[in-house]
Amino acid sequence: MADLSVNIGKLQMKNPVMTASGTFGYGEEFADFIDITRIGGIIVKGTTLHKREGNPYPRMAETPSGMLNAVGLQNKGVKYFSDHIYPRIKDIQTHMIVNVSGSAIEDYVKTAEIINELDKIPAIELNISCPNVKQGGMAFGVTTKGVSEVVQAVRSAYKKTLIVKLSPNVTDIAEMARAAEANGADSVSLINTLLGMAIDAERRRPILSTVTGGMSGAAVKPIALRMVWQVAKAVNIPVIGLGGIMNWKDAVEFMLAGASAVQIGTANFIDPAITIKVMDGINDYLERHGCKSVSEIIGALEV
Ligand SMILES: Cc1cc2nc3c(=O)[nH]c(=O)nc-3n(C[C@H](O)[C@H](O)[C@H](O)COP(=O)(O)O)c2cc1C
């Protein structure tokens with residue numbers, strides 16, 4: 001076995017494979033299929049200060065080599081999470097990381113403060129692709145001002161590892177990553193979903209109830225890979241790469257582009273054992289290439 005361990009901020013992970021928020025529930029749902037304790041880190045569903053019902057149906061659409069979703073952060077709120085879900089998942093022997101979402105800066109801060117008190121949650125991932133209700137619904141993550149304000153506010157409230165998840169719906173993602181780093185992020189993860197749309201021509205109606213939605217899956221990989229490569233060159237904090245990773249080869253490509261770890265999202269819907277297969281595939285790749293440690297391939301792309 002090669003040494004697969006990597007560090008993300010203070011987080012020491014046994015391997016670089018994580019699950020992406022919203023695609024792996026709270027982990028427990030997959031325990032009948034795989035040994036979830038083998039996974040490097042599980043990022044749970046987007047959690048908000050208050051309960052959210054999510055968007056009306058239909059909120060999923062299949063697209064060529066991908067999908068659109070408009071789930072709308074359906075969850076029971078952070079209080080329910082800490083009272084009812086945390087006690088169930090806290091002893092799972094991997095890093096359980098909470099994805100924090102919000103529609104105002106104060107909501108992010110309060111949610112982060114509550115999670116800061118939960119001993120067995122070593123990190124949060126800040127989803128800054130959410131619309132800022134006070135700023136007319138523009139996402140926090142699409143301007144450097146928005147990124148700086150939300151990251152700075154959460155940083156002063158949250159003491160453990162802070163991962164900031166970047167939106168790809170921007171002109172210059174490196175600029176957003178630098179703003180996150182400058183305001184205290186320990187790591188950045190990217191990409192969140194790309195804004196997309198699907199139309200039913202016969203009915204002359206949009207397929208999603210929200211008209212537009214977030215695109216993910218194999219089709220987004222080249223964009224995600226390009227953005228990870230740009231961001232890895234722009235910041236000194238570890239980068240977590242995701243977007244369209246369907247197999248171990250995709251994961252290795254993200255690591256060569258500069259990702260210290262990867263997340264798997266949509267692929268979990270196709271194969272619930274994909275995380276384990278990716279992990280084993282990375283190990284085989286390292287052995288075939290004579291690498292003792294996964295760190296040898298991080299950013300090893302020759303351009
Ligand atoms: C059904 C669904 C729900 C998602 N929910 C969240 C969420 O709550 N918070 C978040 O930051 N990202 C969420 N995402 C985005 C994924 O975590 C990931 O960034 C994106 O799907 C790209 O990775 P993939 O192509 O491997 O799926 C969701 C994606 C899907 C498909």
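Order of appearance sets the numbers: ligands from 1, and atoms from 1 within every ligand. We number each residue from 1, following the sequence as shown.
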For the 3.5 Å polar cut-off, considering only N or O atoms, please tell me whether G217 and ligand 1 meet it. yes

Nearest-contact summary for atom 3 (C) of ligand 1 - protein heavy atom, Å: G22 O, 3.5 Å

Are any of the N/O atoms in G46 less than 3.5 Å from those in ligand 1? yes

Around atom 20 (C) of ligand 1, find the nearest protein heavy atom and jot down its residue, atom name and distance. T193 CG2, 3.8 Å

In the protein, what heavy atom is nearest to atom 18 (C) of ligand 1, and what distance, to one decimal place, separates them? L242 CD1, 3.5 Å

Heavy atoms from other residues, nucleotides or ligands near CZ of F33 exceed 12 (cutoff 6.0 Å): no

Check if S101 has a non-hydrogen atom at a distance under 4.0 Å from any atom of ligand 1. no

Between T48 and N75, is there a side-chain donor-acceptor contact under 3.5 Å, judged purely by atom types and distance? yes

What distance separates S167 OG from F140 CZ, expressed to the nearest 0.5 Å? 12.5 Å

Under a 4.0 angstrom heavy-atom cut-off, which atoms of ligand 1 come close to A20? 17 (O)

Check: S21 N/O within less than 3.5 Å of ligand 1 N/O: yes

Assess whether side-chain contact (heavy atoms from CB on, under 4.5 Å) is satisfied between D3 and V294, documenting all intermediate values. CA-CA 6 Å; D3 177 7; V294 71; over 6 Å; no

So, regarding N99 and ligand 1 (criterion: nitrogen or oxygen to nitrogen or oxygen, under 3.5 Å), is there a contact or not? yes

Contact check: I191 vs ligand 1, nitrogen or oxygen atoms, below 3.5 angstrom: yes

Nearest-contact summary for atom 21 (O) of ligand 1 - protein heavy atom, Å: S216 CB, 3.2 Å

Can you tell me the protein heavy atom closest to atom 26 (O) of ligand 1 and the distance? G265 N, 3.1 Å

With distance as the sole criterion, is a donor-acceptor pair present between the side chains of N7 and Q12 under 3.5 Å? no

Out of curiosity, is A267 lining ligand 1, as in a heavy atom under 4.0 Å away? no

With side-chain hydrogen bond (donor to acceptor under 3.5 Å, both in side chains) as the test, pick out the partner of S216 among T63, N192, T266. T266

State which residue, out of R155, K159, K160, K10, fulfils the salt bridge (charged side-chain N to carboxylate O under 4.0 Å, His left out) condition with D186. R155

Does either side chain, that of S189 or that of E125, offer a donor lying less than 3.5 Å from an acceptor on the other one? yes

For ligand 1, find out whether one of its N or O atoms is nearer than 3.5 Å to an N or O atom of T266. yes

Heavy atoms, side chains only, cut-off 4.5 Å: are E53 and Q74 in contact? no

Nearest 0.5 angstrom please: L166 CG to E175 CD, how far? 12.0 Å

Among non-hydrogen protein atoms, atom 10 (C) of ligand 1 lies closest to K165 NZ, 3.5 Å

How close does the nearest protein non-hydrogen atom get to atom 29 (C) of ligand 1, and which residue and atom is it? N69 ND2, 3.6 Å

Atom CG of D119 and atom OH of Y86: how far apart are they, to the nearest 0.5 Å? 5.0 Å

Short N/O distance, under 3.5 Å, between G244 and ligand 1? yes

Note the single closest protein heavy atom to atom 15 (C) of ligand 1, along with its residue, its atom name and the distance in Å. N192 OD1, 3.5 Å

